[in-house]
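First the proteins, then the strands, lettered A, B, ... as listed; each starts at 1.
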There are 2 protein chains.
Amino acid sequence: MRIGELAKRVGCDVETVRYYEKEGLLAKPNRESSGYRDYGAADLETLQFIRHCRSLGIKLTEIKQLLNFRCRPEEDCSGVNALLDIQITRVEEQITAMGLLKAQLQSLRKECEHRQTNRECGILQSLNQMRQCPCHRNEVG
Amino acid sequence: MRIGELAKRVGCDVETVRYYEKEGLLAKPNRESSGYRDYGAADLETLQFIRHCRSLGIKLTEIKQLLNFRCRPEEDCSGVNALLDIQITRVEEQITAMGLLKAQLQSLRKECEHRQTNRECGILQSLNQMRQCPCHRNEVG
DNA sequence: ACTTGACCCTGTAGTTGCTACAGGGTGTGC
DNA sequence: GCACACCCTGTAGCAACTACAGGGTCAAGT
């Protein structure tokens, strides 16, 4: 099949497919006499694998590793497990960080519950001050 | 003060300060006869404001808006509040998305609790299949 | 035979918020 | 007069695409 059909089947852009090829995630396909790329079922499967990984937030360099694991079926799969654990840890860290961020934003939001001018606005004032921030550590008061 | 001192005081890189100037967040400062940038207290405050916003995950384009609000003290501050609400909503959406991601990764992780080969590894198999994924909707079975 | 339109090709620039140079000039202390 | 820290401009890199520009190919319709 040609690149357009392949892309449509997995639901991504044609450019994305070419990008994966350039990045070495997809093998260079055969070409028709016209120069058009010609893909087979195996390419479709690989591309689906890649897109699944991407939908889980896995980075391209890590997907490359997973593709390598997939190419070595007899090897012990502890590498796969370790890579997945890294993903989970990363997501957990991000959730924690985002939770903190949310709390900070919400407490900042409470600084201005009433309609007033920018001069009086507690949010803008807090963004000016933020004494708990390390960049104020050398200030007096 | 010179750019190095300014950067040190807020805890960012010299390059970051120049970058903010290029992006129009910091005004172009006076120059010494040597050509060195010469900053005052107001520049320090603005830079601190910017860094506080950045630590809250606010984008540069939105920080620009906040700086504009700050420059118009008599204006009604509803724009500030609206901008902050957007931040909170965004963070909440990201937290939800990351929570989903974490659940998917954890369920995937459970596909392989035992030491085995890549061929048998439930994780790699799931990444190949993932029937619930829209990219498989045209397949038989 | 000719044209239209959909598809394909390569290559490059843009996105975001910096970071890291390269290749030069300036200032200060010894 | 020299070393060294600091400053300057400009450009390239990161991640994972997206969006062209400027061309070639192919199939159907007239």
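Closest to the side chain of A:D13, out of D:dT18, D:dC17, D:dC26, is D:dT18. In this structure, the nucleotide among D:dC7, D:dC26, D:dC20 sitting nearest to the side chain of B:V14 is D:dC7. The side chain of B:R31 lies closest to D:dT9, out of C:dG27, D:dC17, D:dT9. Comparing atom distances between the A:I3 side chain and each of D:dA16, C:dC8, C:dT26 picks out C:dC8 as nearest. With distances taken from any side-chain atom of B:K59 to the nucleotides D:dA16, C:dT19, C:dG17, the minimum falls on C:dG17. Listed nucleotides: C:dT26, D:dT25, D:dT18. Nearest to the side chain of A:S34: D:dT25.
With a 4.5 Å cut-off on side-chain heavy atoms, B:C53 and B:L67 do not count as touching.
For the pair B:R2 and C:dG27, the criterion of a side-chain N or O lying under 4.0 Å from OP1 or OP2 is not met. When the side-chain nitrogen and oxygen atoms of B:Y19 are compared with OP1 and OP2 of C:dT16, none of them lie within a distance under 4.0 Å.
Between A:K28 and A:E21 there is no salt bridge, since none of the side-chain N atoms of the basic residue sits less than 4.0 Å from a carboxylate O of the acidic one.
When rounded to the nearest whole Å, the span between CG of B:L60 and C1' of C:dT15 equals 13 Å. The CD1-C1' distance, from B:I50 to C:dC18, rounds to 14 Å in whole Å. Remark: P of D:dA16 and CG of A:L47 are 16 Å apart, rounded to the nearest angstrom. A:E32 has its CD atom 18 Å from the P atom of D:dG24, to the nearest Å. Distance, A:L6 CG to C:dC9 P: 11 Å, rounded to whole Å. For the pair B:I58 CD1 and C:dG17 P, the computed distance is 11 Å after rounding to whole Å. Between A:R51 atom CZ and D:dA16 atom C1' there is a gap of 10 Å when expressed in whole angstrom units. Rounded to an integer number of Å, the gap from B:K22 NZ to C:dG17 C1' is 10 Å.
Using modelled atom types and a 3.5 Å distance limit, the side chains of B:Y20 and B:R54 yield no donor-acceptor pair.
Enclosure of atom CZ in A:R72 by more than 12 non-hydrogen atoms of other residues, nucleotides or ligands within 6.0 angstrom is indicated.
For B:Y36 against C:dT26, a side-chain N or O and a base N or O form a donor-acceptor pair under 3.5 Å.
Among the atoms of the strands shown, base atoms are found under 4.0 Å from some heavy atom of A:R18.
Distance check: A:R90 CZ to A:K59 NZ gives 4.5 Å after rounding to the nearest 0.5 Å.
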